[in-house]
Amino acid sequence: MRSLRTQVAIVGAGPAGLTLARLLHNSGIESVVIESRSREYVEARIRAGVLEQGSVDLLDAAGVSARLHREGIVHHGIHLQFDGERHHVPLSQLSDGRAIVVYGQTEVVKDLIADRQQAGLPLLFEVSDTAVQGFQDEHPSVSFTHAGERFQLHCDVIAGCDGFHGICRAAVESRLSLFTREYGYGWLGILAAVAPSSEELVYSNHQRGFALLSLRSPEISRLYVQCDAADDIANWPDSRIWEELQIRLGVDGWELAEGPILEKGITGMRCFVAEPMRVGRLFLAGDAAHIVPPTGAKGLNLALADVAVLADALTHWYSTGSQSGIEHYSEDCLRRIWRAEHFSNWMTSMLHRVDDQPFSRRLQLSELRYVTSSEAGARVLAENYVGLPWASSRAPV
Ligand code: FAS
Ligand code: PHB
C-alpha cells in the first residue's frame, strides 16, 4: 500500500466536496479529493437547478462564478398555482432585493472540476474500496484503490462529502442520532429540449398531484410531476408525462410547449438529518449528513452552506490553533439545516396530493390562498426560498 499525505482528505466530488476543496485552497490549505464515479458520470448527473443568493455569493468569493454570471438566469419571483389560478410571489420585493439564480448543479460541478484540473490540484476519479479510519485518535486516514494500486492517504481531517449513500456517515452511524421522514411519493423529472413556457418557476397543487415547471436555459425546460415513490419509469412513456404536465400545469389562455425529452428519472422524497455532523476528525457535509425534499430547492444550497462553515472553521484552526470553529461546526450547520427541513416539509405538504381526505385538501387550499393573498404569509415563503441571510464572512446564521 502506497502512503500519501495531505491536510484535508475530501471524500466525494459533488458540489460539497469540490467547493470545500476550492475554499480551502484559497486559504492555503492542501486537500486531496477522491471520487468513486468517472468525471463524465459526475458531470452528467442531472440534479438541482436553483441557487440561493448566499450560494451565489459563496461561489463569487471562491472565485468560480464567471460562467454562472454569464449563463445563469436571475429570477425575482415564482408562481404558486391552485384551483386553476396562477399567483405570482414577488420573492425579491419581499426579501430586501434577494434573488435566486437558475443554474444547474451539473454546471456548478463542471466549473469546479475544470477549476481544480486547471490548477493541477489532486482530484482522483474512479476510486474504489474507500474506507476511513483513525479519525477518533487524531491520526485519520482514507484508504482507497485507484488505477489498480492501493493507497493510504494520511491527513489531519477527513471531510465526508460522499452523499446520502456514501461510506463516511456509514462509518460512524452507530454514534449518531438519525431523524427521518418518508413521504411515500416522489418526483418524476424530465429534461426537455423546448423553450420554457413560463419565464419563472411554476409550482402547481393539482387534484391529480403536484407539478413543477422549471428550466435550465432559454432552450431547455426542466419539469416534474408527483408520482408514487415506488413507481417504475417504464410506466411513464413520454406521451403520459406530457399529458399529466398539461393537465396539472394548465390554466386558461396558457399552453405548455412540448419537445423531445432528453432525460427522465424518478427520485424519492424524504427528510433526513444525522446528528452530530462531526466525530473526532471526521466532518460530514452535504447529503452525507442531511436530505430535504426538493420542493424548497434547498439540497444543493445546504451542501454549500455546510462547507462554507467547515472551510471557515478549518482555516481558523490552521491559522490560530483555536478549535472553536470546528467544535461549533455541527451546531452552526444544524441550525440552518433544521430551518431548511421545516421549510421544505412545509412547501411539500402544502403543494403535494398527500391523501384523498377532503379535510386535508381544504387545509392546503386555505394555506395557499393565505400565502398568495397576505404579504406576511408571502414574506415567510420568500425569505426562506431565497435563503436566509448568511452571517459575517460566509458562515450562515
Ligand atoms: P452528492 O451526492 O452530490 O455528491 C457526493 C459524491 O460522492 C458523488 O459524486 C458520489 O459519487 C461520491 N461518492 C459516494 N460514495 C463515495 C465513495 N465511497 N468514495 C468516493 N466518492 C464517493 N437539490 C435541490 O436543491 N434541488 C433539486 O431539484 C434536487 N434534485 C435532486 C435529484 C436527485 C435524483 C438527487 C439524488 C438529489 C437532488 N437534489 C436536489 C439534492 C442534490 O442536489 C444534493 O443536495 C446535492 O447533490 C448535495 O451535494 P453533495 O453533498 O456534494 O452530495
Ligand atoms: C430544478 O430546476 O431542478 C428545481 C427547481 C426548484 C425546485 C426543485 C428543482 O424546488
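All ligand and atom numbering here is 1-based and tracks the order in the structure. Computed from a prediction, not measured in an experiment: that's the story for all the values here. Hydrogens, waters and symmetry mates are skipped; everything else that's a heavy atom, side chains included, is used. This chain uses plain numbering: 1 for the first residue, then up along the sequence.
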Taking 4.0 angstrom as the limit and counting only heavy atoms of Arg45, give me the atoms of ligand 1 inside it, by number and element. 8 (C), 9 (O), 10 (C), 11 (O)

Does Arg270 make a cation-pi contact with Phe272, if we ask for NZ or CZ under 6.0 Å from the ring centre and within 45° of the axis? no

Looking at non-hydrogen atoms alone, which of Gly49, Ala288, Gly299 comes nearest to atom 25 (O) of ligand 1? Gly299

Residue, atom name and distance, where the atom is the protein heavy atom closest to atom 11 (O) of ligand 1: Glu35 OE2, 2.7 Å

For ligand 2, is Tyr103 a contact, meaning one of its heavy atoms is under 4.0 Å away? no

Judging by distance only, is a nitrogen or oxygen of Trp187 under 3.5 angstrom from one on ligand 2? no

Does ligand 1 have an atom under 4.0 Å from some heavy atom of Tyr224? yes

Decide whether a cation-pi geometry holds between Arg86 and Tyr203; the criteria are a distance under 6.0 Å from NZ or CZ to the six-membered ring centre and an angle within 45° of the ring axis. no

Under 4.0 angstrom from ligand 2, any heavy atom of Met347? no

Is there a polar contact between ligand 2 and Leu201, counting only N or O atoms under 3.5 Å apart? no

Can you tell me which residue and heavy atom of the protein come closest to atom 21 (N) of ligand 1, and the distance to 0.1 Å? Ser36 N, 3.1 Å

With the threshold set at under 4.0 angstrom, would you say His165 reaches ligand 1 through any of its heavy atoms? no

So between Ser214, Cys161, Ala289, whose heavy atom ends up nearest atom 5 (C) of ligand 1? Cys161

Would you indicate which of Thr19, Leu302, Asp287 comes nearest to atom 51 (O) of ligand 1 when only heavy atoms are counted? Asp287

Purely on distance, is any nitrogen or oxygen of Tyr385 under 3.5 Å from one on ligand 2? no

Under 4.0 Å from one or more heavy atoms of Gly163, ligand 1 contributes atoms 2 (O), 5 (C), 53 (O)

Numbered atoms and elements of ligand 1 in range of Gly286, under 4.0 angstrom, heavy atoms: 51 (O)

For Ala99, is there any backbone N or O sitting under 3.5 Å from a side-chain donor or acceptor partner on Gln53? yes

Heavy atom of Leu212 under 4.0 Å from ligand 2? yes

Can you tell me which residue and heavy atom of the protein come closest to atom 4 (O) of ligand 1, and the distance to 0.1 Å? Gly14 CA, 3.5 Å

Atom NE2 of residue position His328 - does it have more than 12 heavy atoms of other residues, nucleotides or ligands inside 6.0 Å? no

For Ile167, counting its heavy atoms only, list the atoms of ligand 1 lying under 4.0 Å from any of them. 18 (N)

Minimum non-hydrogen distance to atom 2 (O) of ligand 1, winning option of Arg47, Arg37, Arg222, Glu52: Arg47

What atoms of ligand 1 come closer than 4.0 angstrom to any heavy atom of Lys298? 25 (O)

Looking at atom 28 (O) of ligand 1, would you say a protein heavy atom lies below 4.0 Å from it? yes

Given Thr267, Leu304, Asn301, which one has a non-hydrogen atom that is nearest to atom 33 (C) of ligand 1? Thr267

For Gly166, the ligand 1 atoms with a heavy-atom partner under 4.0 Å come out as 15 (N)

